[in-house]
Every structure is written in C-alpha cells, then in structure tokens.
Trainee: 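One structure coming up, written as structure tokens, with questions to follow.
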Amino acid sequence: MQLDPDVLDVLRTARTNGTALQLPGALDRKLYQRVDLALNAVGGKWNRYQRAHIFSIEAADAIAGLLATGEVTTDAERGYYPTPTPIVEQLLDLAELTVGCTLLEPSAGRGAIAEPAAARGAIVDCIELDATRAEHIRAGGYARSVTNADFLSVPVKRKYQRVILNPPFSNRQDIRHVERAMRFVEPGGLVVAVMSGGLSFRTDRLTRDFQARVREARGTITELPDDAFPAVGVRTVVAVIPIRETAPRVAMDLSRPRPEHFAARPKGTQQNLFVVDEPTEHKTAALDGFGYGAPASGPPDEQNYR
C-alpha cells in the first residue's frame, strides 16, 4: 500500500524514544486512522497510558522502511487476521488446557492465542514467519521459544499435547497447515483450529479427504457466527481433532517361510506342481489331470501314460 504524503509528513515529524513513538500533536481523525494503520503494519501498538505507539524493537528502526520506500504492506494484504479475543477464549476452552500442558501455536502472529494460553498455565512454543511479529512475541516473554520460520518447512517433532492455530486461508492453506499440525501432537492430544467456512460446503478432493480424516478421528467441525472475524468478512469454522493412538506395527519375520514361498515346499510337492512327460523320481504317475499323484503301476518303462 502506498502511503499518502500527509501520512509520511506525520511520520517524519514524529518523535522516537527507544521503543516508543509519539505523534506530533492532535491529528484529524481520518489522518490518524491512516497513520495508525501504517504503524500497526510494522508492529506499533497505541498505548494510551504512555500516549505513544509502542514497538517491540527500536521505534526508529521500525519505521525506517516506511520513510525510505513510502510503502507499507498491511496485515490484510499479507492475509494476516488476528484472532479476536472472544474466539481465542472459545479455542482455549475447546482445547481443555491444563497447567503444564505443552502447546504449539503455528503462524502465531503477535501471540493473540499464545499469550492467554500461557496465562492459563500452558507451556507455549510459537512459530511465526514474519520477523517483526516473531520479535513482538519474544518481547512479551510468555513463550518458551519463538521460531521465525514458515511452519510448513519446520521439521516435525511429535512432542506437544495441544496445537491451537489460526492459519492462512488462501489457496486451501488452512487444510495444509492443520494436517501438518496433527503430526506435531502426541497420541491423546488435540488440534484446535480456526478454518475457512468453505470446509463445510466445498467438494474438492482436498476438502473431502480432510473431512474424512476429521470423521475418522471422531473430531468436530463447528460453524462460527458470521461476525466472528469482522475484518475478514468470510465464514469461519472451528475444527477440533483428537489425535488417536496409532496401531502398532506388526514386525515381519523374514526368516519364517510364507505359503507362497516355492522353496519352502517339500521337493515332491514342488515337482508335482508341473506337468511332466515322464515319471517322477518318486515313481508317481505324471500329472495328466486325472491321476495326480497316483502310484505307478509298474517300472517306468512299462507305465502307460495317457
């Protein structure tokens, strides 16, 4: 998004002090909203007690890119929509969190889910692609670890009791993220995810396969109210997926003969599997469809072969 000249003028005259940025006096409401949008896009949050926008890094560094390029990429343009507080509380209730529960939040944004989960006593790890948002979570101090990476590229480690996520929706990314999240959860755990409402009515193969996996796990897909995500303007659902104990693998004894192993059969049986034109070494009649395995009536040279 290209910043308007009057927005850039405000940012140039703003005062920075460490992580705080103070705007130059009172602004027209519409102008303030545009300035606030630009500052929010780079991690600045208005703090009414300090009367300033507060960043997780040096404020001057946070806005340097805006001043240099005159452009900003908003959260909406990135496909990032923070989870509203009422939905967060619903997700945490569905996850049945207990004190000491290990929890992963992929695509964690600014920690809208992770922070209240930690407040309930969960041990939280976060993965976030955007470096500024990842640093914002680190500065909060509530996460045990914060990984700045694409969740789909992070090596799988099945060590969590819960995964709660609000993944990107575009191009069926929500399904791909949730399916991968299931691989991070120990048997007996839960995945709780906000997903696109299209999951309820789409008929493409990816959606049908995912719906089947949820049914197989005895999970649920529940529609959220239409106004659950006002900024998105699309229907959303919550999927709750239990992670079941996997069936034990049956060890194969490769030294044990199987019925189809030809070499494991008695030599006589092996020979009788074939049609022969001369007597067998065990002096049984040749296989002719009638007298299979019948004793020979005389010496080999006197037998009458039909």
Trainee: With sequence neighbours left out, which residue pairs that include part of residues 161-174 fulfil the salt bridge (charged side-chain N to carboxylate O under 4.0 Å, His left out) condition?
Mentor: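 Checked against salt bridge (charged side-chain N to carboxylate O under 4.0 Å, His left out) - neighbours excluded - the pairs reaching residues 161-174 are Arg172-Asp204.
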Trainee: Could you list the donor-acceptor pairs under 3.5 angstrom formed between side-chain atoms of residues 116-125 and any protein atom two or more places apart in sequence or on another chain?
Mentor:
from: Arg120; atom 1: NH1; to: Asp93; atom 2: OD1; distance (Å): 3.0
from: Arg120; atom 1: NH2; to: Glu89; atom 2: OE1; distance (Å): 2.8
from: Arg120; atom 1: NH2; to: Asp93; atom 2: OD1; distance (Å): 3.1
from: Asp125; atom 1: OD1; to: Arg144; atom 2: NE; distance (Å): 3.0
from: Asp125; atom 1: OD1; to: Ser145; atom 2: N; distance (Å): 3.4
from: Asp125; atom 1: OD1; to: Ser145; atom 2: OG; distance (Å): 3.0
from: Asp125; atom 1: OD2; to: Arg144; atom 2: NH2; distance (Å): 2.7
from: Asp125; atom 1: OD2; to: Tyr160; atom 2: OH; distance (Å): 2.7

Trainee: Is any side-chain heavy atom of Val237 closer than 4.5 Å to a side-chain heavy atom of Leu224?
Mentor: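 No, too far: nothing below the 4.5 Å cut-off.
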Trainee: State yes or no: do Val163 and Val178 share one hydrophobic cluster built from I, L, V, M, F, W and Y residues joined by side-chain heavy-atom distances below 4.5 Å, directly or via other members?
Mentor: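 Same cluster.
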Trainee: Do the side chain of Thr69 and the main chain of Gly65 share a donor and acceptor less than 3.5 angstrom apart?
Mentor: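 It does hold such a pair.
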Trainee: Quick check for you: to the nearest 0.5 Å, what is the distance between Ser153 atom OG and Arg180 atom CZ?
Mentor: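 Going from OG on Ser153 over to CZ on Arg180, the span is 7.5 Å.
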Trainee: Over all heavy atoms of both residues, which pair between Phe55 and Leu21 is shortest? Give the atoms and the distance, please.
Mentor: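 In terms of heavy atoms, the two residues are closest at CE1-CB, 3.9 Å.
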Trainee: Without swapping roles, check the side chain of Glu105 against the backbone of Leu165 for a donor-acceptor pair under 3.5 Å.
Mentor: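 No; zero donor-acceptor contacts below 3.5 Å.
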Trainee: May I ask you to decide if Gln161's main-chain N or O and Thr102's side chain share a donor-acceptor pair within less than 3.5 Å?
Mentor: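 Answer holds: yes.
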Trainee: Do NZ/NE/NH1/NH2 and the carboxylate oxygens of Arg176 and Glu179 come within less than 4.0 Å?
Mentor: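 Answer for the salt bridge query: no.
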Trainee: Would you find a donor on one side and an acceptor on the other, under 3.5 Å apart, between the side chain of Asn47 and the backbone of Gln50?
Mentor: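 Confirmed, Asn47 side chain pairs with Gln50 backbone.
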Trainee: Can you measure from CG (Asp130) to CZ (Arg110) and round to the nearest 0.5 angstrom?
Mentor: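 Interatomic distance, Asp130 CG to Arg110 CZ, rounded to 0.5 Å: 7.5 Å.
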Trainee: Going by heavy atoms in the side chains, are Ile57 and Thr19 under 4.5 Å from each other?
Mentor: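 Heavy-atom side-chain distance check fails, nothing below 4.5 Å.
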Trainee: Are any of the side-chain heavy atoms of Glu223 and Ser200 separated by less than 4.5 Å?
Mentor: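 Of all side-chain heavy-atom pairs linking Ser200 with Glu223, at least one is under 4.5 Å.
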Trainee: Hey, which of Leu31, Thr13, Val35, Asp36 is the one that makes side chain to side chain contact (heavy atoms under 4.5 Å, CB included) with Leu23?
Mentor: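 It is Val35; the other options fail the test.
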Trainee: Determine yes or no for a side-chain-to-main-chain donor-acceptor pair under 3.5 angstrom, with Asp28 supplying the side chain and Lys30 the backbone.
Mentor: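 Side chain of Asp28 to backbone of Lys30: a pair is present.
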Trainee: For Asp6 and Arg34, what are the C-alpha separation, side-chain angles and deciding distance, and is it a side chain to side chain contact (heavy atoms under 4.5 Å, CB included)?
Mentor: CA-CA 10 Å; Asp6 54 351; Arg34 287 180 287 137; 2.9 Å; yes
Trainee: To the nearest 0.5 angstrom, please state how far the CD1 atom of Ile164 sits from the CG atom of Leu190.
Mentor: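 These two atoms lie 9.0 Å from each other.
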Trainee: Does any non-hydrogen side-chain atom of Arg244 lie less than 4.5 Å from one of Pro187?
Mentor: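 In short, these two side chains do not touch, never coming nearer than 4.5 Å.
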Trainee: Start with the C-alpha distance between His177 and Ser107, add both sets of side-chain angles, then the distance that settles side chain to side chain contact (heavy atoms under 4.5 Å, CB included), and finish with yes or no.
Mentor: CA-CA 9 Å; His177 277 70; Ser107 303; 3.6 Å; yes
Trainee: Kindly work out whether a path of hydrophobic side-chain contacts (I/L/V/M/F/W/Y, heavy atoms less than 4.5 Å apart) joins Val7 to Leu37.
Mentor: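 Yes, one cluster joins them.
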Trainee: Are Arg138 and Cys126 side-chain neighbours, meaning at least one heavy-atom pair lies under 4.5 Å?
Mentor: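 Heavy-atom side-chain distance check fails, nothing below 4.5 Å.
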Trainee: Do Gln173 and Pro167 make a side-chain contact, defined as non-hydrogen atoms from C-beta onward lying under 4.5 Å apart?
Mentor: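 A side-chain contact under 4.5 Å is absent here.
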Trainee: If you measure from CG on Leu129 to CG on Asp150, what distance do you get to the nearest 0.5 Å?
Mentor: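 That separation rounds to 5.5 Å.
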Trainee: Measure across Ala52 and Ala20 and return the closest heavy-atom pair with its distance rounded to 0.1 Å.
Mentor: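 Ala52 and Ala20 have their closest heavy atoms at CB-CB, 4.2 Å.
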Trainee: Is any side-chain heavy atom of Val191 closer than 4.5 Å to one of Phe184?
Mentor: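 No - every pair of side-chain heavy atoms lies 4.5 Å or more apart.
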Trainee: Quick check for you: to the nearest 0.5 Å, what is the distance between Trp46 atom CH2 and Ile54 atom CD1?
Mentor: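 Taking CH2 in Trp46 and CD1 in Ile54, the distance rounds to 9.0 Å.
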Trainee: What closest approach, in Å, do Ala134 and Glu128 show between heavy atoms, and which atom pair accounts for it?
Mentor: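 So the minimum-distance heavy-atom pair works out to N-CG, 3.8 Å.
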Trainee: Under 3.5 Å, side chain of Thr147 to main-chain N/O of Ala149, donor-acceptor pair present?
Mentor: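 No, because the side chain of Thr147 does not come within donor-acceptor range (under 3.5 Å) of the backbone of Ala149.
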Trainee: Checking Phe210 against Leu199 for the side chain to side chain contact (heavy atoms under 4.5 Å, CB included) test, could you report, in this order, the C-alpha distance in whole Å, the side-chain angles of both residues, the deciding distance, and whether it holds?
Mentor: CA-CA 9 Å; Phe210 180 77; Leu199 196 63; 3.6 Å; yes
Trainee: Using the six-membered ring wherever Trp is involved, compare the ring planes of Tyr32 and His53 and label them parallel, tilted or perpendicular (cut-offs 30° and 60°).
Mentor: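 Tyr32 and His53: tilted rings.
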Trainee: Search all heavy atoms of Ala108 against all heavy atoms of Ile137 and return the closest pair with its distance.
Mentor: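 Here Ala108 and Ile137 meet closest at CB-CD1, 3.7 Å.
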Trainee: I would like to know whether Glu216 and Arg213 meet salt bridge (Lys or Arg N to Asp or Glu O under 4.0 Å); could you show each step before the answer?
Mentor: CA-CA 5 Å; Glu216 183 180 4; Arg213 292 190 68 178; over 6 Å; no
Trainee: Distance from Glu186 atom CD to Arg158 atom CZ, nearest 0.5 Å?
Mentor: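 Between Glu186 CD and Arg158 CZ, I get 9.0 Å after rounding to 0.5 Å.
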Trainee: Flag yes if Ile127 and Leu103 sit in one hydrophobic cluster, no otherwise; membership is Ile, Leu, Val, Met, Phe, Trp, Tyr, and two members link when side-chain heavy atoms are under 4.5 Å apart.
Mentor: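 Looking at the clustering, Leu103 is in a separate group from Ile127.
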Trainee: Under 4.5 Å between side-chain heavy atoms, hopping through other hydrophobics if needed: is there a path connecting Val214 to Val240?
Mentor: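 No, no single cluster joins them.
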Trainee: Is any side-chain heavy atom of Ile241 closer than 4.5 Å to one of Met182?
Mentor: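 In contact.
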Trainee: Membership question, hydrophobic clusters at under 4.5 Å side-chain separation (ILVMFWY): are Leu92 and Val238 in the same one?
Mentor: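 Yes; Leu92 is reachable from Val238 via cluster members.
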